[in-house]
2 protein chains.
Amino acid sequence: MDRKSAQEFDRTATTKTAAKTATQTTRSAPLTIGALAKAAGVGVETIRYYQRRGLLREPQQTRGAYRVYGEAELARLTAIRRAQQLGFSLDEIDGLLALNEERDRDRARDAAQAKIELIESRIRQLQDMRDALAELVHCCEHTDSPAPCPILRALSSA
Amino acid sequence: MDRKSAQEFDRTATTKTAAKTATQTTRSAPLTIGALAKAAGVGVETIRYYQRRGLLREPQQTRGAYRVYGEAELARLTAIRRAQQLGFSLDEIDGLLALNEERDRDRARDAAQAKIELIESRIRQLQDMRDALAELVHCCEHTDSPAPCPILRALSSA
DNA sequence: GTTGACTCCGTACTTCGGTACGGCCTTTAG
DNA sequence: CTAAAGGCCGTACCGAAGTACGGAGTCAAC
């Protein structure tokens, strides 16, 4: 009996795509979860984790007791990986991939812009750390030997 | 380590004589854990967490059933916070604060140098993300309206 | 002499993105 | 037919640095 699959998040999910996947997915490349994982370069457990999270649909089609995956799932995993490399979290990716390519350009651009700003603020933080550390190292290298370590002093001094 | 000195093991709550008579090193302000937390700008739970972790000693001195903290603990918490701001983990800080200011200068400098390199590699990663995102945003802003979003296309295209 | 704030202690939970384990079932190759 | 490989499921665990909670005890002020 089929698992009811908690995938009734109807976020206006482009009926076009839903209709096409039924015909396209099945006829391209039938994959087991293991084959899909290998093709996408992730672990089987990762796929199952994405499914639990609602980030990847469980395919409705099965071969015997096993689910059958296709190009749609592979494409989605690839998109997830790319978005991760751009710094998006899985939650953000979920939202991003639910956007409509034509109608939601503003939202996509805003998300990207916001992410840029977050990344840049993090970069500045890290640069501050690096500068402070570099200063201490420089100081350490230019202090004569019998003196206490300027780095450790910087941590402990009042 | 060398700061242990002779302290009375006074478990009875009735003796109040321990207040100022002791000629400790720098036992200036007797603090409860709450006062110490406030002074250090951390939460009480954080202090207790550091103690469990072995990063902060539990003071042997007590007033009644409560532990008494002093300048030493405050200084240590301050040092921990400073080291954290430089990007060190609590484990690393534990090691760092165990170093000897005179004898372990090399080790401190090496740790700082290694941390710098780690930070710089992280910065480069983030810059790559930012550049890729900026490129996409730029692309998005220079694409005519009825076209699909280049950002979303970049994620999903084959 | 009671109230209320504080302390102590142990434990569980948080975020994030997975990874691992164990048991059972199914599929498929030999 | 059988055995190995793989799939399915639920659950626990990882690391990092805490945060939260609950119960019991205690200190101090009024």
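Atom CZ of Arg67(A) is separated from atom P of dG6(D) by 18 Å (rounded to the nearest Å). The CD1 atom of Ile47(B) sits 16 Å away from the C1' atom of dC9(C) (whole-angstrom rounding). Taking atom CG of residue Leu77(B) and atom P of nucleotide dG18(D), one finds them 11 Å apart after rounding to whole Å. With rounding to whole Å, Leu56(B) atom CG is found 16 Å from dC8(C) atom C1'. Rounded to an integer number of Å, the gap from CZ of Arg48(A) to P of dT11(D) is 12 Å. Separating the CD atom of Glu58(A) from the P atom of dG7(D) is a distance of 15 Å, rounded to the nearest angstrom.
Between the side chains of Arg122(A) and Gln125(A), a donor-acceptor pair is found at a separation under 3.5 Å.
Heavy atoms from other residues, nucleotides or ligands lying under 6.0 Å from CZ of Arg107(B) number 12 at most.
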Next item on the list: Encode nucleotides 16-30 of chain C as B, S and - characters from 5' to 3', where the letter depends on protein heavy atoms closer than 4.0 Å: B to the base, S only to sugar-phosphate, - to neither.
Entry: -BBBB-----BS---
Item checked: salt bridge (Lys or Arg N to Asp or Glu O under 4.0 Å) evaluation trace for Asp106(B) with Arg109(B) -> CA-CA 5 Å; Asp106(B) 288 4; Arg109(B) 207 176 52 241; 3.6 Å; yes
Next item on the list: Show your reasoning for whether side-chain contact (heavy atoms from CB on, under 4.5 Å) applies to Gln127(B) and Ile119(A).
Entry: CA-CA 8 Å; Gln127(B) 281 169 342; Ile119(A) 289 173; over 6 Å; no
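In this structure, the separation between CG on Asp91(A) and CG on Leu96(A) is 12.0 Å, given to the nearest 0.5 Å.
Within a heavy-atom distance below 4.0 Å of DNA chain D, the residues of residues 31-40 of chain A found are Thr32(A), Ile33(A), Gly34(A).
Here the side chain of Glu73(B) pairs a donor or acceptor atom with the backbone of Gly70(B) at under 3.5 angstrom. Here the side chain of Lys115(B) pairs a donor or acceptor atom with the backbone of Gly87(B) at under 3.5 angstrom.
Under a hydrophobic-cluster definition in which Ile, Leu, Val, Met, Phe, Trp and Tyr are linked whenever side-chain heavy atoms come within less than 4.5 Å, directly or via other members, Leu99(B) and Leu56(B) are assigned to the same cluster.
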